[in-house]
Amino acid sequence: MPIYNPRETEAKWQRRWEDAKLYTTNLEDFSKPKYFNLVMFPYPSGDKLHIGHWYNYAPADSWGRYMRMRGANVFEPQGFDSFGLPAENYAIKTGVHPNISIAQNVQYMQKQLHEMGTMYDWDKMVVTSDEEYYQWTQWIFLQLYKKGLAYRKNAPVNWCPQDQTVLANEQVVDGRCERCKAEVTKRDLTQWFFKIRDYAERLLNFDGLDWPQKTMLMQQHWIGRSEGSEVVFELCDKEGKTNGKSVTVFTTRADTLFGATYMVLAPEHSLVLEITTKEHRRNVEEYIEKTKKETDIARSAEDREKTGVFTGAYAVNPVNGEVIPAWIGDYVLVTYGTGAVMAVPAHDERDFAFAKKYQLPIVEVIRPQKSETTLPHTPYTEAGVLTNSEKFDGLNSEEARKKITEFLMKKNSGKFVVNYKLRDWLISRQRYWGAPIPIIYCEKCGEVPVPEADLPVELPRDVDFTPKGDGKSPLNTVESFVNTKCPKCAGQAKREVDTMDTFVDSSWYFLRYPSAKMSDKPFDKEMTKYWLPVDMYIGGPEHACMHLLYARFITMVLHDMKHIDFDEPFKKLVHQGMITKDGAKMSKSKGNVVSPDQFVEKYGSDVFRMYLMFMGPFTEGGDWNDQGITGIARFVERFYVLMRSKDKVANKEELDRAVHKTIKKITQDIENFQFNTAVAALMEFVNTANKTGIDHESQLVMTRLIAPLAPHLAEQIWEELGGKFSIVDHSWPAFDPKLIVETQLVLPVQVNGKLRGQISVAIDEKKETILELAKKDAGVVRHIEGKTLVKEIYVQGKLVSFVVRD
RNA sequence: GCCGGGGUGGUGAAAUGGCAGACACGCUAGCCUUAGGAGCUAGUGCCCACAAGGCGUGGAGGUUCAAGUCCUCUCCCCGGCACCA
């Protein structure tokens, strides 16, 4: 019968912690170094907390506990990212108002998080759909608006022609509406954007950030900076007569300009219909309609068959006056560059395939340094030497890019530009469950921002949120919301009915935590100055390019407006891996969501969190299975029994060595977020101590070592050992290097790279003696006898290696 | 397709270029028992087994005295791709 009762013990300590307000951080205690330990807040979904949340939050909490034991004033808040699509869809389906379902989910998840035994300071909780939060999200919008970083333009949305409604990407399955299966197309709407592109250059700079290399790489590639040229092509008729219109293209290969034999515009390019000639209109229009059913991912796939149609229009190549046809093709995206490209089939894979298919001319203008041409079989896409390029012949690609662009500059038909793949941030959502965009449209004054004093623009509660069929936000049906007075002239005006992307909510929530209780401002200047930036931010790698980029952007904007004095929100970033079930991401639709509750019920929170840690490296995740959880349950029992055992030591020297090696190992492992090997080290210690015996002093050390990983168990043992409440406020143990030193060493001996023997030597033995000893080892003798010894290697303290020849 | 990450026993995994498989789960044999979420002891990569040996980190090459680790190519899996969050 096990002695340790996790259920009872954990409930007891959770109560004591709460009664003592142990995890309520005094934000004004400046006596200790501050530590803002943050996890990405959860969405309060109907699935409640799943295994993946635990996998993320338990080690993150262990980290916070470790930092607290290292003497920091740790602030570990938690909240809920509660606006968004799922609650709205649930409401449409069941009629339950998002306010209600969200409140229920929040309550349940809070209870689950409480049972985890986390150090969350619930006094400072934020819930993004609460009015006291979203009024400040609206304030954030107004700041960007004030700075000229919010603007409106047309942009396409997924449109279901059957339901007459806007669809999220997630609601489009294989090009069809998830609900009615109708083929999804695109429709242009006027929408709000944030000018994140203005910050592209600054967002590329990660100086001073302790972030995973891969995350910075992904953001860099997402921003996608490239240096190139813009080239203006005058439009003309077949004979070359210009008509005053022009198309600008972006290219990184101005050196190939003489090889441009046609141009391609994105089907959505604003000039397309204007330049298309009568006889091509039908083809072009059909092609545009077809394109509306394709995703950008499919369109930009390199192995996809290139398609396009001729517009009937022509353009003049500014560098040689050549008249080239203007096509449209879906492999050109309107969102990148200028939405139009010059096509150089001899030196670009896609242009080459396109030219072959539509029998367009291929003109070679670049050759590899000395070798012959690769044409007509494959295009030559590398840099080289110019040919067929008039006065630029003989230049190399790099020089030519510069010289040709300079030549165009003189003619006013080109310039150097830096282009980014990053697009401006579309924040408009035609949905109910989000923060209303605080803008009013006045008949006289036009677009007017809601004055800050008038915030919040309250999200009305009684709204028919079923899709209306006109593609507008459900707020458009609430007359008391829509109709308002202009803040400037008091005349008749209408409110913006779109709400904000939930990424806006989550782009600043970390600023709110220390000031969560303040009702008169988004964040307190002094509190923010002291507590921000976040010292440790932990969350999934799937947020690398969106949430993490948006949060950096908003932070930079607020910094530039002098609202805060730092411009990066997260000093250190760590990603947890993803937990899958049968190889798939857990989701309700797949029916593979595993709840932690049953395991907590059976084994307790400590066992469960240690099992999740023990599964593998924190950053890697893995496929969920519960085989092996008994191993942790057994360990907890054995640990508890060992810590309660009477002072009795058979081998003090070996015990001390084990204790201090374990301190060293666990400290290192926790610092590196390698909780799996930290747990293993504790197990190894128990195995050793069961042989050597243990004394009270070592028990006190080991209990502190397990405290971040199994907080309830540690608190219980600590009390039984006579320690003062609470263990998290006792210092982290330090190891004594002298006690770890070994005197004897077992060295492996290799012959020709294969292990053939082992020798035991004193740690400070001389190289010569070691080599002699190694040669006498029976296993080694067998393999070197009668052979020529060509090389002898001794790697200090590591191994001996002989190389022999017959 | 593009960008990023990953592939090691029956399973989860460990390993500053230096003894591959620590620590666990599972399994096998034995012991013990207040029959439990038991406990203890021994064994457990594969082949061959008395030993000695051979093979082995998705696959194919390469560098090195020595490669899971570094390099080249390749296959497979996962995450992201801008309205899931």
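In what follows, every heavy atom counts, from backbone to side chain, and hydrogens, waters and symmetry copies are set aside. Convention: sequence-line order gives letters A, B, ...; per-chain numbering from 1.
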Looking only at atom [atom1], what distance separates [N] and [M], rounded to whole Å?
{"N": "A52(B)", "M": "A60(B)", "atom1": "C1'", "result": "32 Å"}
{"N": "U44(B)", "M": "G37(B)", "atom1": "P", "result": "30 Å"}
{"N": "A20(B)", "M": "C55(B)", "atom1": "C1'", "result": "13 Å"}
{"N": "G56(B)", "M": "G43(B)", "atom1": "P", "result": "27 Å"}
{"N": "U74(B)", "M": "A22(B)", "atom1": "C1'", "result": "32 Å"}
{"N": "G5(B)", "M": "G10(B)", "atom1": "C1'", "result": "27 Å"}
{"N": "G7(B)", "M": "U69(B)", "atom1": "C1'", "result": "14 Å"}
{"N": "G9(B)", "M": "C46(B)", "atom1": "C1'", "result": "9 Å"}

With the 90 degree cut-off around zero defining syn, does G62(B) come out syn or anti? anti
Counting heavy atoms from C-beta on, name the nucleotide in [options] closest to the side chain of [X].
{"X": "Pro748(A)", "options": "C83(B), C19(B), G37(B)", "answer": "C19(B)"}
{"X": "Leu426(A)", "options": "G4(B), A85(B), C83(B)", "answer": "C83(B)"}
{"X": "Arg638(A)", "options": "C3(B), A24(B), C81(B)", "answer": "A24(B)"}
{"X": "Gln750(A)", "options": "G4(B), G39(B), G18(B)", "answer": "G18(B)"}
{"X": "Pro6(A)", "options": "C84(B), A85(B), G37(B)", "answer": "G37(B)"}

Got a minute to check which stems RNA chain B is part of, using Watson-Crick or G-U wobble pairs under 3.5 Å, three or more consecutive? B:1-7 with B:75-81, B:10-12 with B:23-25, B:26-31 with B:39-44, B:45-47 with B:53-55, B:58-62 with B:70-74
Step by step, would you call Phe608(A) with Trp54(A) a ring pair (Phe, Tyr, Trp, His ring centres under 6.0 Å)? CA-CA 9 Å; Phe608(A) 190 57; Trp54(A) 272 73; 5.1 Å; yes
Are Tyr331(A) and Phe354(A) an aromatic pair by the rule of ring centers under 6.0 Å? yes
Please say which of Thr502(A), Asp501(A), Thr499(A) ends up in a side-chain hydrogen bond (donor to acceptor under 3.5 Å, both in side chains) with Arg429(A). Asp501(A)
Whether [Y] and [X] form a salt bridge (side-chain N of Lys/Arg under 4.0 Å from carboxylate O of Asp/Glu) is what I want to check.
{"X": "Glu268(A)", "Y": "Arg299(A)", "result": "yes"}
{"X": "Lys195(A)", "Y": "Asp424(A)", "result": "no"}
{"X": "Lys585(A)", "Y": "Glu542(A)", "result": "no"}
{"X": "Arg304(A)", "Y": "Asp330(A)", "result": "yes"}

Can a side-chain donor-acceptor contact be found between [Y] and [X] if the only test is distance below 3.5 angstrom?
{"X": "Asn419(A)", "Y": "Arg225(A)", "value": "no"}
{"X": "Trp192(A)", "Y": "Glu496(A)", "value": "yes"}
{"X": "Ser473(A)", "Y": "Asp498(A)", "value": "no"}
{"X": "Ser507(A)", "Y": "His547(A)", "value": "no"}
{"X": "Asn592(A)", "Y": "Asp582(A)", "value": "no"}

By the 4.0 Å heavy-atom rule, please label [X] as base, sugar-phosphate, or nothing.
{"X": "Glu302(A)", "answer": "sugar-phosphate"}
{"X": "Arg429(A)", "answer": "base"}
{"X": "Lys798(A)", "answer": "base"}

Take nucleotides 43-62 of chain B nucleotide by nucleotide from the 5' end and write B, S or -, depending on whether a protein heavy atom sits under 4.0 Å from the base, only from the sugar-phosphate, or from neither. ---------SSSS-------
Measure the CZ-CD1 distance between Phe685(A) and Ile666(A) for me, rounded to the nearest 0.5 Å. 9.5 Å
Look at the side chain of Gln758(A) against the base of C19(B) and say whether a donor-acceptor pair falls under 3.5 Å; ignore hydrogens and angles. yes
Below 3.5 Å between N/O atoms, which protein atoms pair up with nucleotides 9-13 of chain B? Just atom names and distances, please.
| residue | atom | partner | partner atom | Å |
| --- | --- | --- | --- | --- |
| G12(B) | O2' | Met615(A) | O | 2.4 |
| A13(B) | O5' | Met615(A) | O | 3.2 |

